[in-house]
Amino acid sequence: MRNSARGLAGVACAGSLVLVMAGCGGDSGGGSESGSGSGSASDGGRGAAPAGVVTKAKAAKLVDRYEKVNSQANEKSDPKLLSTVEGGAVFEQSKATYKMQKNWSRKEITEYREPFVYVDREYYIPRKGTADWFAVVAHSKNPGKRKGEFPGILIMEKQSDGDWKLVAGSYSETKWMPKFAKDKDGFAVPVSDPAKKTGPMAPEKLSDGLVELYTSQGSTASTGFADSETVTSVRAIPKEQNRLLSPHGEAKFSRGEPTHEEVHALKTADGGLLSVFSTEIREHDRGTSAIASVNPSDSMQVYLGSASAMPSFFVDWLHQTSAYIPPKTGKVRLLGTEYDMTDAKPGAGMNGDMPGTNT
């Protein structure tokens with residue numbers, strides 16, 4: 001995962017495509033989990049002491065290990081090494097970032113490879129048997145520099161082989177973070193059914209709202225989200241793309257293949273919840289006249305292996321977003337989002353159909 005200084009929404013524009021006739025543009029370990037968690041050491045003598053999915057000491061060691069391996073992998077842009085401590089959406093974004101370094105300046109690469117650690121860590125560990133993951137709220141910090149201004153919420157999840165990996169994470173756009181609920185023994189309380197509605201929205205529906213920020217240019221109220229910096233930045237993407245493609249082209253957005261879509265959520269002390277969720281977005285850029293072709297951006301060329309103009313392209317984006325859902329009425333608050341281009345393909349045929357489809 002990247003340092004928060006390089007990770008907030010807006011680090012990449014949505015492809016920066018233009019028509020050929022208008023010129024070209026572009027983006028420049030495992031082990032035993034037994035032992036008590038953060039709760040009481042006893043349950044009144046009625047059996048074993050209550051335990052978390054990991055102990056706090058174990059959680060700290062896992063984050064320490066992640067910091068070390070992440071820095072080593074970033075130094076060499078080594079996805080194989082990184083895969084030993086990352087999985088899910090986090091790993092997909094990291095791989096995409098490594099690919100994009102082909103277009104970066106030496107200065108940008110050097111800055112990215114600076115090691116960083118997580119400070120002011122707060123661990124939120126569910127009771128054993130209620131989840132297979134835990135959360136950490138922390139600030140990133142480069143040696144010799146000030147810590148990041150805004151916190152990130154990170155999700156560490158147990159894998160099928162018993163190892164633990166960072167699978168989700170999102171830095172906030174604000175210093176505010178809700179107070180998390182705890183059970184009688186001090187354990188964090190995970191949301192067991194993300195399809196169940198809490199207040200105005202179920203965690204499972206958060207991705208639908210994010211997709212709607214791309215697909216609907218109407219009122220933000222229709223998404224269920226309150227106005228925020230994150231909402232504004234996402235709303236701007238389709239507007240900018242269509243501005244670049246106008247007047248002989250257009251960009252349309254839809255939900256992408258849900259390959260890495262996951263939802264993790266913890267209950268908050270006020271009865272609401274805090275969720276980290278991933279969302280796949282697919283962008284379709286196409287010329288709308290017979291003489292128009294789309295010129296791929298530098299970022300798209302990393303996946304295409306070519307700078308050739310085509311009638312259309314499909315571009316995949318992966319978002320990781322954190323959101324607070326209030327307990328009763330009100331609007332959902334997006335705390336922050338990060339997104340990366342994860343693929344690009346030319347459309348098939350003059351109509352620009354997605355490769356591999358018959359439509």
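The analysis underlying the following values was restricted to heavy atoms, covering all of them including side chains, and did not include hydrogens, waters or symmetry mates. Predicted model, so just to flag it, every value in this text is computed and none were measured.
Between Phe180 and Tyr124, the two ring planes are tilted [angle within 30° to 60°]. In this structure, Trp104 and Tyr112 have perpendicular ring planes: the angle between them is above 60°, well past the 30° mark.
Taking CG from Asn242 and NZ from Lys252, the interatomic distance works out to 9.5 Å, rounded to the nearest 0.5 Å. Here Leu318 contributes atom CG and Gln93 contributes atom CD; the two are 4.5 Å apart, rounded to the nearest 0.5 Å.
Paired with Leu335 under the rule side-chain contact (heavy atoms from CB on, under 4.5 Å), one option of Phe150, Trp176, Tyr171 passes, and it is Trp176. When each of Arg243, Arg286, Lys239 is tested with Glu250 by the rule salt bridge (Lys or Arg N to Asp or Glu O under 4.0 Å), just one qualifies, namely Arg286.
Taking the ring-ring contact (aromatic ring centres under 6.0 Å, His included) definition, one finds that Tyr98 meets it with nothing, sequence neighbours left out. Not a single side chain to side chain donor-acceptor pair (under 3.5 Å) links Ser71 to another residue, sequence neighbours left out.
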Just do the ring pair (Phe, Tyr, Trp, His ring centres under 6.0 Å) check on Trp164 and Phe134 with the steps written out, would you?
CA-CA 10 Å; Trp164 288 80; Phe134 66 90; 5.5 Å; yes

Run the salt bridge (charged side-chain N to carboxylate O under 4.0 Å, His left out) check on Asp227 and Lys331 step by step: do they pass?
CA-CA 9 Å; Asp227 288 329; Lys331 296 180 180 179; over 6 Å; no

Tell me, with the steps shown, if Lys345 and Asp343 meet salt bridge (charged side-chain N to carboxylate O under 4.0 Å, His left out).
CA-CA 7 Å; Lys345 293 184 177 71; Asp343 200 8; 2.3 Å; yes

Derivation of the side chain to side chain donor-acceptor pair (under 3.5 Å) call for Arg113 and Ser77
CA-CA 8 Å; Arg113 291 178 175 177; Ser77 299; 3.2 Å; yes

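With contacts defined as side-chain heavy-atom distances shorter than 4.5 Å, the pair Val69/Thr84 qualifies. Counting heavy atoms from C-beta outward, Glu280 and Glu261 have side chains that approach closer than 4.5 Å. Put simply, the side chain of Arg121 reaches to within 4.5 Å of the side chain of Asp64, judged on heavy atoms. Considering only heavy atoms from C-beta on, Asn70 comes within 4.5 Å of Glu86 through its side chain. A 4.5 Å side-chain heavy-atom check between Glu92 and Asp340 finds every atom pair outside the cut-off. For the pair Tyr118 and Leu154, the minimum side-chain heavy-atom distance is below 4.5 Å. Arg235 places a side-chain heavy atom less than 4.5 Å from the side chain of Thr223. When side chains are defined from C-beta on, Trp133 does not count as touching Val167, because their heavy atoms never get closer than 4.5 Å.
Open room surrounds CD on Glu75; 12 or fewer heavy atoms of other groups in view lie less than 6.0 Å from it.
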May I have the list of side-chain donor-acceptor pairs in residues 268-278 shorter than 3.5 Å, sequence neighbours left out?
residue, atom, partner, partner atom, Å
Thr268, OG1, Asp270, OD1, 2.5
Thr268, OG1, Gly272, N, 3.0
Thr268, OG1, Gly272, O, 3.0
Thr268, OG1, Leu273, N, 3.3
Asp270, OD1, Gly272, N, 2.9
Asp270, OD2, Tyr324, OH, 2.4
Ser275, OG, His264, O, 3.2
Ser278, OG, His260, O, 2.6
Ser278, OG, Glu262, N, 2.8

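Formation of a donor-acceptor pair under 3.5 Å by the Lys141 side chain with backbone atoms of Lys145 is found in this model.
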